[in-house]
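Just below is one structure, and these are the notes that go with it.
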Amino acid sequence: MGYLVPLLRGLKEPYMISHQLRKEERLSGLWKQILLIMLLSALVFGLSAYFGIGSEHASRSLTDMSRSEYEQYKLFFGGGQIVYGIVYAAMVIFLPSLFFWTLVDVEYRKLISIQLMVMLILLLEKAINIPLFLFLGLNSESSIFSLGIIAQAASFPALLIYTFSAITLFKIWTFVLQYKFLIVVSERSPRFLIFMLIGTHLFFVIVSALLSSIQLEKLI
């Protein structure tokens, strides 16, 4: 029997779980955890789509739709968000793990376990943003947990607003969590890990900002 990594406990007690992960030679139940996280991601993204989050930029064209066209639009948007939730989870889980695996001497399955915890944090952020949108009308660019509101107050260009909005307290939490685990399970120096993580997070921030700006331009 291998070690079943307690993901939720890993968020609360990273020091203890990281040392346990370091000494274990085999992990069990990893694919079940991956499947569960992907299904949870599909559920959260689907719930977000149900409330129309992410479609507000297209609202100006909805008045020109017939009832059947509107229902078809909702169906395609909701289905697309569910699929995107699964793809997004796969990218967060597997791509950084593969990149870290090429740079640090850590088993790939252990890196996946770390990224599963990262994905839980990102899903928590996504879930919390749903009531913020419904009750306060705050989208991702105006989230109280991101730097986007500072960029908007400073009247930064749209691309910079998207860039700053991608930097949130939850993303910082994932950075700290990754560092706490990698500093224990790998033999790399703290400086190397910090630069590696900064580079990885900056890449995803820039890609996220570019995709957001491109999506907005297409809808407009």
Side-chain angles (χ1 to χ4, degrees), residues 4-18 20-21 29-56 78 80-97 100 110-150 162-182 197-198 200-205 207-209 211-212:
L4 179 63
V5 180
L7 301 180
L8 292 177
R9 220 179 129 201
L11 299 180
K12 297 186 295 182
E13 304 173 6
Y15 179 82
M16 181 178 298
I17 302 303
S18 61
Q20 185 69 31
L21 184 64
L30 185 62
W31 282 107
K32 290 182 180 179
Q33 290 179 323
I34 293 173
L35 180 60
L36 180 62
I37 294 297
M38 285 187 170
L39 291 176
L40 183 60
S41 181
L43 176 63
V44 173
F45 275 78
L47 186 62
S48 177
Y50 175 79
F51 290 112
I53 301 174
S55 66
E56 56 270 16
Q81 285 295 298
I82 290 174
V83 172
Y84 177 69
I86 297 173
V87 173
Y88 176 73
M91 291 177 60
V92 170
I93 294 169
F94 294 110
L95 291 185
S97 300
F100 296 157
K110 293 183 179 182
L111 295 171
I112 288 178
S113 291
I114 296 172
Q115 287 305 116
L116 287 173
M117 293 179 236
V118 167
M119 190 62 206
L120 278 178
I121 296 174
L122 297 178
L123 288 178
L124 177 62
E125 178 181 28
K126 182 79 173 177
I128 289 177
N129 281 333
I130 293 176
L132 290 179
F133 176 84
L134 294 177
F135 299 111
L136 299 178
L138 300 177
N139 56 20
S140 58
E141 291 81 41
S142 304
S143 172
I144 59 176
F145 301 110
S146 77
L147 298 180
I149 52 176
I150 299 177
Y162 288 123
T163 302
F164 276 86
S165 66
I167 304 173
T168 69
L169 292 178
F170 290 91
K171 301 296 194 310
I172 295 173
W173 183 7
T174 63
F175 180 96
V176 173
L177 183 81
Q178 288 171 318
Y179 177 78
K180 285 185 175 181
F181 271 87
L182 290 174
L197 290 174
I198 289 176
T200 304
H201 281 259
L202 278 179
F203 172 78
F204 279 101
V205 164
V207 170
S208 176
L211 289 177
S212 296

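Below, all heavy atoms of this structure are taken into account, side chains as well, without hydrogens, waters or symmetry copies.
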Tyr88 vs Phe45 aromatic rings, parallel, tilted or perpendicular, using cut-offs 30° and 60°?
-> tilted
Taking the side chain as C-beta and beyond, is there a heavy-atom pair between Val5 and Leu116 under 4.5 Å?
-> no
One should read off an interatomic distance between Lys12 NZ and Met117 CE, to the nearest 0.5 angstrom, of 13.0 Å
Return the minimal non-hydrogen interatomic distance between Ala127 and Val44, and the atom names on each side.
-> N-CG1, 4.1 Å
Do Gln33 and Leu4 have side chains that get closer than 4.5 Å, going by heavy atoms?
-> yes
Say you draw a straight line from CD of Gln178 to CD of Gln115; how long is it, rounded to the nearest 0.5 Å?
-> 5.0 Å
Any side-chain heavy atom of Phe181 within less than 4.5 Å of one from Leu111?
-> no
Calculate, to the nearest 0.5 Å, the distance between atoms OG and CD1 belonging to Ser113 and Ile34 respectively.
-> 8.0 Å
Mind jotting down which residue pairs meet the salt bridge (charged side-chain N to carboxylate O under 4.0 Å, His left out) criterion with at least one end in residues 116-136? Sequence neighbours excluded, please.
-> Glu125-Lys171
Just wondering, do Leu21 and Ile114 contact through their side chains at under 4.5 Å, heavy atoms?
-> yes
For Phe145, does its backbone N or O pair with a side-chain atom of Thr168 as donor and acceptor, under 3.5 Å?
-> no
Between the CD1 atom in Ile172 and the CD1 atom in Ile121, the distance rounded to the nearest 0.5 Å is 12.0 Å
Roughly how far, to the nearest 0.5 Å, is CD1 of Ile17 from CG of Leu11?
-> 10.0 Å
If we only count heavy atoms from C-beta on, is the Phe164 to Ile150 side-chain gap below 4.5 Å?
-> no
Please walk me through it: do Ile144 and Leu136 pass side chain to side chain contact (heavy atoms under 4.5 Å, CB included)?
-> CA-CA 11 Å; Ile144 59 176; Leu136 299 178; 5.8 Å; no
Provide the closest heavy-atom pair for Lys180 versus Pro14 in the form atom of the first, atom of the second, distance.
-> CD-CG, 3.9 Å
Is Trp173 close to Leu124 at the side-chain level, that is, under 4.5 Å between some pair of heavy atoms?
-> yes
Sub-4.5 Å side-chain heavy-atom contact between Leu40 and Leu123 | yes
Quick one: are Thr200 and Phe175 in side-chain contact, heavy atoms under 4.5 Å?
-> no
With sequence neighbours left out, which residue pairs that include part of residues 114-124 fulfil the salt bridge (charged side-chain N to carboxylate O under 4.0 Å, His left out) condition?
-> none
Would you check if the side chain of Ser165 reaches a backbone N or O of Tyr162 as a donor-acceptor pair within less than 3.5 Å?
-> yes
Atom CG of Leu7 and atom CD1 of Ile37: how far apart are they, to the nearest 0.5 Å?
-> 6.0 Å
Least distance between heavy atoms, Leu177 atom then Gly10 atom | CD1-O, 3.8 Å
